[in-house]
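A short worksheet on the structure shown next.
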Amino acid sequence: MTKLKLYIPKLILTFLLVFLCIGTGISFLVQHSFLTYKAFETVTNQQNLDEKAYSALESYFKSRANSTGIPAEVYLDAITQEDMKQGILSSISEAVEHMHSHIGDGYVITMDFTKLETSVMNFFNQYADTNNIQKDEIFNQKVQANLEEAEAKILYTADTFRFGTIYEHGWFDKIQTFLNLFQKLMIVLCILTAVILLCLILCCKSRFSELFYWLGLTGTISGLLISAPCLYLLRTDYFSGFVVKDVQIFSAVTGYLQYITKQTGIAFVIIGVTGVIFLILFGLIQKISHTNQTTAE
């Protein structure tokens, strides 16, 4: 009965530590891994979003050439795949800045359209000269309208993660509030973890080696509870079942979900492995203690 009374508090404290460990780990990942420039850049590179975005742009301008009579090369020769990548990275940089602060007047993707403007102007000027069209104010307005439409389409295609839509709905402010809450939550969870851990240490003061057992149990259980579902999602390729019309957007969304799932899985596998190491250490200590006791007798 006495042993049971000592066992139950340790079991309850370990149970609490499991959920505190999970909460602290996820809070840390949200703040320092999921919503960072590096995370979105990694997805961009892994999913070849620049290539897919440029391919989508090619399809758009080639299909548009049938109705406008403007060859796709007028646009595509002035915008390269590398330009699209810089546009994607610009959208990420701008979005991350808005997620973490209120700096800036608005969400703006920056791309160098100097070559595009020259290419479009040269085409229209050549077309006007060939067909004896007067280059008046109406002509200039049409050229400008065409250019603005092309630039808008390119910027829209470069926004593979649809940060523009997030900004238009005012969700950046909500994300920032969300991050601030997670930061406060992590501080609270760390304090609670320290308190519970101190209580567990006090419970194990008579046999300090038991602390390795309970910490090992905490790490192993919390690691399995989170890493197992993450492994299932990755092995079954669960996110590929999502339906998104544009290839580059589909790749961005599913790639990002796979990224955060993988990062979460890796983090909790490390926690789980650490737990197993503690359990092994406890077993070794017990074995050494038993051997020494046997030798003494």
Side-chain angles (χ1 to χ4, degrees), residues 37 40-41 43-98 103-170 172 244-253 255-256:
Y37 179 87
F40 294 107
E41 182 187 30
V43 174
T44 298
N45 293 329
Q46 288 178 345
Q47 298 294 322
N48 297 319
L49 296 185
D50 54 331
E51 180 182 340
K52 291 171 183 175
Y54 190 76
S55 179
L57 209 61
E58 280 184 318
S59 299
Y60 171 78
F61 283 122
K62 285 178 180 178
S63 63
R64 190 170 176 269
N66 297 325
S67 58
T68 63
I70 303 174
E73 290 74 19
V74 172
Y75 307 99
L76 297 175
D77 288 349
I79 296 293
T80 64
Q81 186 173 315
E82 181 60 29
D83 292 329
M84 290 303 296
K85 184 171 185 177
Q86 292 306 313
I88 294 170
L89 295 180
S90 173
S91 74
I92 294 170
S93 178
E94 188 74 10
V96 170
E97 186 176 301
H98 276 273
I103 299 174
D105 298 327
Y107 172 75
V108 180
I109 305 176
T110 56
M111 290 182 67
D112 185 4
F113 288 125
T114 305
K115 291 182 180 179
L116 178 67
E117 292 170 359
T118 301
S119 180
V120 171
M121 285 298 298
N122 287 342
F123 171 80
F124 275 94
N125 284 329
Q126 185 178 3
Y127 182 83
D129 292 338
T130 303
N131 294 278
N132 296 319
I133 297 174
Q134 186 178 357
K135 300 176 185 178
D136 54 11
E137 187 63 26
I138 296 176
F139 172 81
N140 291 330
Q141 288 177 358
K142 288 183 178 180
V143 174
Q144 189 61 33
N146 183 279
L147 190 57
E148 289 176 357
E149 184 183 350
E151 290 177 357
K153 179 60 182 180
I154 293 168
L155 292 173
Y156 179 82
T157 307
D159 189 13
T160 53
F161 292 97
R162 283 298 168 264
F163 292 128
T165 303
I166 295 173
Y167 173 75
E168 288 171 4
H169 285 81
F172 278 133
V244 180
K245 182 179 178 181
D246 297 322
V247 176
Q248 74 276 14
I249 300 174
F250 172 82
S251 297
V253 172
Y256 179 69

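By convention here, the first residue in the shown sequence is residue 1. Computed from a prediction, not measured in an experiment: that's the story for all the values here.
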Atom pair [atom1] ([X]) and [atom2] ([Y]), whose distance is rounded to the nearest 0.5 Å:
{"X": "Ile249", "Y": "Thr165", "atom1": "CD1", "atom2": "OG1", "answer": "8.0 Å"}
{"X": "Gln46", "Y": "Ser251", "atom1": "CD", "atom2": "OG", "answer": "12.0 Å"}
{"X": "Leu76", "Y": "Ser119", "atom1": "CG", "atom2": "OG", "answer": "9.5 Å"}
{"X": "Phe163", "Y": "Ser90", "atom1": "CZ", "atom2": "OG", "answer": "11.0 Å"}
{"X": "Gln81", "Y": "Ile79", "atom1": "CD", "atom2": "CD1", "answer": "12.5 Å"}
{"X": "Tyr167", "Y": "His98", "atom1": "OH", "atom2": "NE2", "answer": "6.0 Å"}

Report yes or no: does [X] contribute a side-chain atom to a donor-acceptor pair with the main-chain N or O of [Y] at less than 3.5 Å?
{"X": "Tyr54", "Y": "Lys85", "answer": "no"}
{"X": "Ser91", "Y": "Ile88", "answer": "yes"}
{"X": "Thr44", "Y": "Phe40", "answer": "yes"}
{"X": "Thr130", "Y": "Gln126", "answer": "yes"}
{"X": "Asp112", "Y": "Thr114", "answer": "yes"}

Of the non-hydrogen atoms in [X] and [Y], which two are nearest, and what is the gap between them?
{"X": "Thr157", "Y": "Ala53", "result": "CG2-O, 3.3 Å"}
{"X": "Ala158", "Y": "Gly87", "result": "CB-C, 4.0 Å"}
{"X": "Gln248", "Y": "Ala56", "result": "OE1-CB, 3.6 Å"}
{"X": "Ala95", "Y": "Tyr107", "result": "N-CE1, 3.9 Å"}

The ring-ring contact (aromatic ring centres under 6.0 Å, His included) partners of Tyr60 (sequence neighbours excluded) come to none
Filter on salt bridge (Lys or Arg N to Asp or Glu O under 4.0 Å), then keep only pairs touching [range], sequence neighbours left out; what's left?
{"range": "residues 120-132", "result": "Asp129-Lys135"}
{"range": "residues 48-60", "result": "none"}
{"range": "residues 59-69", "result": "Arg64-Glu149"}
{"range": "residues 150-169", "result": "none"}

Heavy-atom distance under 4.5 Å between the side chains of [X] and [Y], does that happen here?
{"X": "Ile154", "Y": "Leu116", "value": "yes"}
{"X": "Leu89", "Y": "Tyr37", "value": "yes"}
{"X": "Leu49", "Y": "Phe161", "value": "yes"}

With a 3.5 Å cut-off and sequence neighbours excluded, list the donor-acceptor pairs that the side chains of residues 139-147 form with protein atoms.
residue: Asn140; atom: ND2; partner: Asp136; partner atom: O; Å: 3.4
residue: Gln144; atom: NE2; partner: Glu148; partner atom: OE2; Å: 3.3
residue: Asn146; atom: OD1; partner: Tyr75; partner atom: OH; Å: 2.8
residue: Asn146; atom: ND2; partner: Tyr75; partner atom: OH; Å: 3.3

Does the side-chain contact (heavy atoms from CB on, under 4.5 Å) test come out yes or no for Leu155 and Phe113, once each step is laid out? CA-CA 10 Å; Leu155 292 173; Phe113 288 125; 3.9 Å; yes
